[in-house]
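Letters A, B, ... are given to chains in the order of the sequence lines, protein chains preceding strands, and every chain is numbered from 1.
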Amino acid sequence: MSSGVVSGGGGTTSIVWFRRDLRIEDNPALAAGVRAGTVVPLFIWAPEEEGHYYPGRVSRWWLKQSLAHLDSSLKSLGTSLITKRSTDSVSSLIDVVKSTGATHLFFNHLYDPLSLVRDRRAKEILTDQGIIVRSFNADLLYEPWDVNDDHGHPFTTFTEFWNKCLNMPYDPAAPTLPPKRIISGDVSQCSSDKLIFENETEKGSNALLARAWSPGWSNADKALTAFISGPLIEYSVNHRKADSATTSFLSPHLHFGEVSVRKVFHLLRIKQILWANEGNTTGEESVNLFLKSIGLREYSRYISFNYPYTHEKPLLGHLKFFPWVVDENYFKAWRLGRTGYPLVDAGMRELWATGWLHDRIRVVVSSFFVKVLQLPWRWGMKYFWDTLLDADLESDALGWQYISGTLPDARALDRIDNPQFEGYRFDPDGEYVRRWLPELARLPTEWVHHPWNAPEPVLQAAGVELGMNYPLPIVEIDSAKDRLQQSVAEMWQLEAASRAAIENGTEEGLGDSSDSAPIAFPQDIMDVDHEPARNDTTSIPRRHQDQMVPSMTSSFLKVSDESSSEHRESAENSRQEVPQEPLRETLNQGSPHAFRQNNSPPQFNINMGLHNFEDVAESSSISRSSKDGGVVPIWCPSSSSSSEQFVVEENDTESSSSYLQRHPQSNELIDWRRLSQARTKKLGDRAS
DNA sequence: GCGGCATTAAT
DNA sequence: TTAATGCCG
């Protein structure tokens with residue numbers, strides 16, 4: 001083992017607390033533990049801490065495999081993973097500290113709201129007990145607090161943020177190699193709990209997953225290499241097709257930290273320089289495009305850190321006044337893939353059956369959800385959370401907020417994308433629809449994305465009976481447009497009224513807290529009986545509040561019980577209708593050409609011209625001195641949800657200014673509110 | 001070379 | 001819808 005940089009090895013035992021950094025390679029917390037002496041690698045399974053965001057079935061399956069993989073790697077290096085079942089991570093940490101005699105705790109940063117709170121607590125409490133706690137950046141190219149505009153404020157649009165990232169004065173830290181050997185700490189007094197990640201029924205449902213996916217850090221590394229040396233070069237050309245085979249397969253790996261994003265970045269850059277030199281513009285474009293999807297992942301963490309309520313509240317406050325349609329039948333039809341819009345339905349069936357969805361299709365189905373059905377976006381987000389293999393709170397929150405028009409740079413709120421046209425754009429030959437909607441399989445391409453227009457003889461010949469074996473559109477696009485216009489107008493009126501009320505001092509705080517009564521979360525919807533969705537839109541109950549999940553920090557509800565049982569049942573239903581996952585058969589591991597399915601990197605990545613950065617090569621030699629090891633991103637929720645304190649603790653001598661001092665208004669709604677008002681004016685002008 | 005028209009894609 | 005790009009006369 002290496003000589004102990006921190007304290008001379010030998011006597012020092014460190015706990016390395018693994019969370020979503022399930023890799024050996026380029027893992028700063030692990031490296032710190034190895035440097036310090038003997039190591040106790042630890043994983044704590046405390047899903048109840050996640051509240052509503054108890055991981056979904058397929059996500060838990062992945063986690064299980066990934067941990068097994070990690071454990072076997074650790075064993076080959078000389079130690080093994082201690083696992084604890086817990087409802088309180090911090091007490092479990094204390095237990096492990098006591099039973100192992102550890103003096104150090106190392107972990108890598110997470111940026112979701114819950115982890116920010118929990119990690120702060122962990123750090124405080126363990127530090128109080130005399131433990132040396134250090135934490136590191138293993139998840140991002142740059143820490144959120146390092147990327148600011150000229151005034152030192154956080155960016156509020158992606159493009160600005162990403163341009164800044166690409167033009168930082170120092171490179172992301174270079175990835176490091178795995179340790180050669182790990183000396184195990186004394187765990188004779190510290191037993192592992194057996195962790196249960198799936199029940200028997202779920203096991204059955206998960207059985208096929210292993211044929212398509214190989215969780216675990218070294219498999220992630222293989223997937224990365226395979227992608228970069230294969231489909232990457234054509235990524236810009238192919239990434240748009242719903243059925244294309246050229247996405248990276250990396251997003252679940254990235255979610256669990258099986259692969260280092262900094263390694264991805266560095267490998268991409270090598271290709272970029274190579275292709276730039278060769279004058280391969282397609283390749284260059286592809287790298288930029290793919291890098292951008294990495295950037296969106298970064299941005300999701302950045303946003304979550306700076307505005308740690310993004311998973312439950314719209315960033316632009318006016319969306320609170322949007323009159324969401326609370327209709328359980330709509331929601332159900334969407335989940336079942338029975339909306340009558342083939343591209344949407346195909347996507348939802350695929351999600352159901354596989355836990356996977358091409359990011360283009362994610363945009364299609366979520367946009368349909370929000371704009372056509374006008375269902376509360378957080379229901380959709382929650383469903384994604386429950387069903388996606390790569391469910392990721394930060395990325396999904398960003399994606400849904402983008403779709404819902406609640407970001408300053410989101411697409412226009414009142415714009416509806418027509419699934420029919422999107423169908424011909426993303427699935428021009430109808431292959432995707434035919435694969436997932438066997439009832440439409442015999443329909444000619446001409447009609448496959450709008451069967452409701454097809455002549456009766458064509459339908460008959462294809463065996464399609466609209467309203468019987470395939471539904472008519474649940475909502476007409478034209479009426480959806482009308483309804484959306486009305487809703488948006490209503491939203492602005494309410495927002496203006498609220499603002500006036502605040503200015504008059506007649507009402508307070510209507511603006512930004514969770515004052516509005518919540519639209520209950522799906523659990524009261526998930527188990528509704530199987531009623532066909534109605535086409536009539538006149539009697540839909542509406543509520544004038546943003547939907548609101550009970551605070552994550554206060555709730556130990558296991559929503560996923562209902563949702564997963566419903567999901568299972570539905571999946572079973574659908575298996576009769578859906579062809580038996582042809583993709584699994586074709587997904588031979590290791591063969592890039594077998595990648596039938598689109599594993600896009602983090603969700604919602606979309607093409608965008610980035611700056612070429614030829615200067616990247618020169619700047620690559622600059623490395624930055626890490627301020628890791630002391631900084632913990634921290635969020636303290638207060639009783640009022642609108643006034644979260646947001647403090648970064650800095651043990652580091654390098655900087656004495658807290659995050660709050662540097663960004664005094666970063667955690668208030670001020671910025672967004674201002675943006676919201678600017679937008680009010682703009683949209684108001686346009687409307688009049 | 002330039003204006004007009006079509007195409008594309010948007011975080 | 002709009003802005004940017006590309007093609008063609």
K.L.:
Calculate the interatomic distance between A:E285 atom CD and C:dG6 atom C1'; express it in whole Å.
P.N.:
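So the two atoms are 13 Å apart, to the nearest Å.
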K.L.:
Using the rule ring-ring contact (aromatic ring centres under 6.0 Å, His included), only one of A:F384, A:F331, A:F369 pairs with A:W379; which is it?
P.N.:
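Of the listed residues A:F384, A:F331, A:F369, the ring-ring contact (aromatic ring centres under 6.0 Å, His included) partner of A:W379 is A:F331.
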K.L.:
For the pair made of CZ in A:F421 and P in B:dT7, what is the distance, rounded to whole Å?
P.N.:
14 Å
K.L.:
Please give, in whole Å, the distance from B:dT7 C1' to A:E422 CD?
P.N.:
17 Å
K.L.:
Scan A:R262, A:R297, A:R19, A:R20 and name whichever one has a side-chain hydrogen bond (donor to acceptor under 3.5 Å, both in side chains) with A:D139.
P.N.:
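One option only clears the test, and that one is A:R297.
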K.L.:
Round to the nearest Å and state the distance from A:Y402 atom OH to B:dA9 atom P.
P.N.:
13 Å
K.L.:
Rounded to whole angstrom units, what separation is found between the CZ atom of A:R415 and the P atom of C:dA3?
P.N.:
13 Å
K.L.:
Return the value, rounded to whole Å, for the distance between atom CG of A:D409 and atom C1' of C:dA3.
P.N.:
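Answer to the nearest Å: 16 Å.
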K.L.:
Rounding to a whole Å, what distance do you find between A:I416:CD1 and C:dT1:P?
P.N.:
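After rounding, the gap between these two atoms is 13 Å.
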K.L.:
Which residue, A:E258, A:H255, A:H253, forms the side-chain hydrogen bond (donor to acceptor under 3.5 Å, both in side chains) with A:W62?
P.N.:
A:E258
K.L.:
Has A:K313 got its NZ or CZ under 6.0 Å from the middle of the six-membered ring of A:Y309, at an angle within 45 degrees of the ring axis?
P.N.:
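Yes, A:K313 and A:Y309 form such a contact.
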K.L.:
In whole angstrom, give the distance that lies between atom OH of A:Y424 and atom P of B:dA9.
P.N.:
19 Å
